[in-house]
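I have placed the structure first, in the form of structure tokens, so that the comments after it can refer back to it.
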Amino acid sequence: MLPFSLGEDMNAEERLVKLNNAMDQVVVKIAETESLLADLLKQELFIGGQIAEREFDTAVPDGGIQLPIFESVEELQGAMDNRGRGVDGEDEKAILEQRQAVLEREAQRKVDLINDSAD
Amino acid sequence: MTLLTDKIDLELSAPVDVVRRFGLIGAQLQDARLSGYNLGGVNFTNANLRGADLSYANLRGALFSAADLSRANLYMADCTGADFSAADMTMSYGKGTLFINSTMIRTLLRRVTYKNCFFTNADLEGADMAGGFFVGSNFDDANTKGIQNLTGPHRAIFKWYLRVGGGPPRYEPADGYIEMTTSATGTLSFQENAARRNLT
């Protein structure tokens, strides 16, 4: 339903003028609505950014270091004996050897890359 | 979670120039077989190259500062303009190796064998040559200031004296011995002291 009459009671010339005026008003309204939409989108982005920032600020840090609690001297002694070992009790030396192998392979690959590129 | 292998691929996907300049700093290349490799200008600073085979390799302008090259094989390698400052080259081996214009400030050259090598115009300031064997090597225009163990009980050997009728060489002049300032076998490499081995 339009907010104004289309001028059925008028003659042809008057009606044409009125309709042209109505069309101008509609064009202005569309322009205003578009600018309002752009403002709203801008506000949405701004508020969204603030929410994300807030969540980041108030986030609970995960995985803090839990100090072990020992119930007895024997348990403490056992943990001391197991120092330098991994979670599954694997030897530190074995881990280092594994790491060494990875590092050597990586270095060899890089050297090969340079050598191949030089040809 | 980033897997280690992903990380390696990521590093290797960098331009070769970046890998050459930064990728091999402190690299683990112990006993690596790099014979004949083209590694000019590569940065091996602080790398572990113990016992690495670098024979015939092109190492022109490479950086070996503080690298560990002990027991490395540099036979016929081209190290022209390379930087070996503070590197450990203890017991390394080279014959016909080019160290022309190279920097070897405070390099450890203890008990090395570098016969018929070229240290021409190299900077050897403060290098330690204890027990080194440099027969036939060329030191023209080299900076030899402050080289350690040129004299004394662990002095480096630059000449040897062979008896005309044969026999083991001496390192001091003596009657009937002629001075050898070059290795008679040139750049050819043989197993040293093979006669001392039991052949059974």
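In what follows, chains carry the letters A, B, and so on, assigned in the order in which the sequence lines appear, proteins first and then strands, with residues in each chain numbered from 1.
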* To do: Would you tell me whether A:Gln100 and B:Gln28 have side-chain atoms, one donor and one acceptor, within less than 3.5 Å of each other?
  =>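 The criterion, which ignores hydrogens and geometry beyond distance, is satisfied for B:Gln28 and A:Gln100.
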
Inspect the surroundings of [atom1] in [X] and state if more than 12 heavy atoms from other residues, nucleotides or ligands are less than 6.0 Å away.
X: A:Glu13; atom1: CD; value: no
X: B:Glu179; atom1: CD; value: yes
X: A:Leu41; atom1: CG; value: yes
X: A:Glu75; atom1: CD; value: yes

Taking all atoms of both residues into account, what is the closest heavy-atom pair of [X] and [Y], and its distance?
X: A:Ala107; Y: B:Leu24; result: O-CD2, 3.7 Å
X: B:Leu34; Y: A:Val111; result: CD2-CG1, 3.4 Å
X: B:Arg33; Y: A:Gln108; result: O-NE2, 4.3 Å

* Close side-chain approach of A:Ile114 to B:Tyr37, heavy-atom, < 4.5 Å ->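 The answer is no, as the side chains (C-beta and beyond) never meet within the 4.5 Å cut-off.
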
* Asked: Do you reckon B:Tyr177 sits in the same ILVMFWY cluster as B:Met180, going by side-chain contacts under 4.5 Å, direct or chained?
  ->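 Different clusters.
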
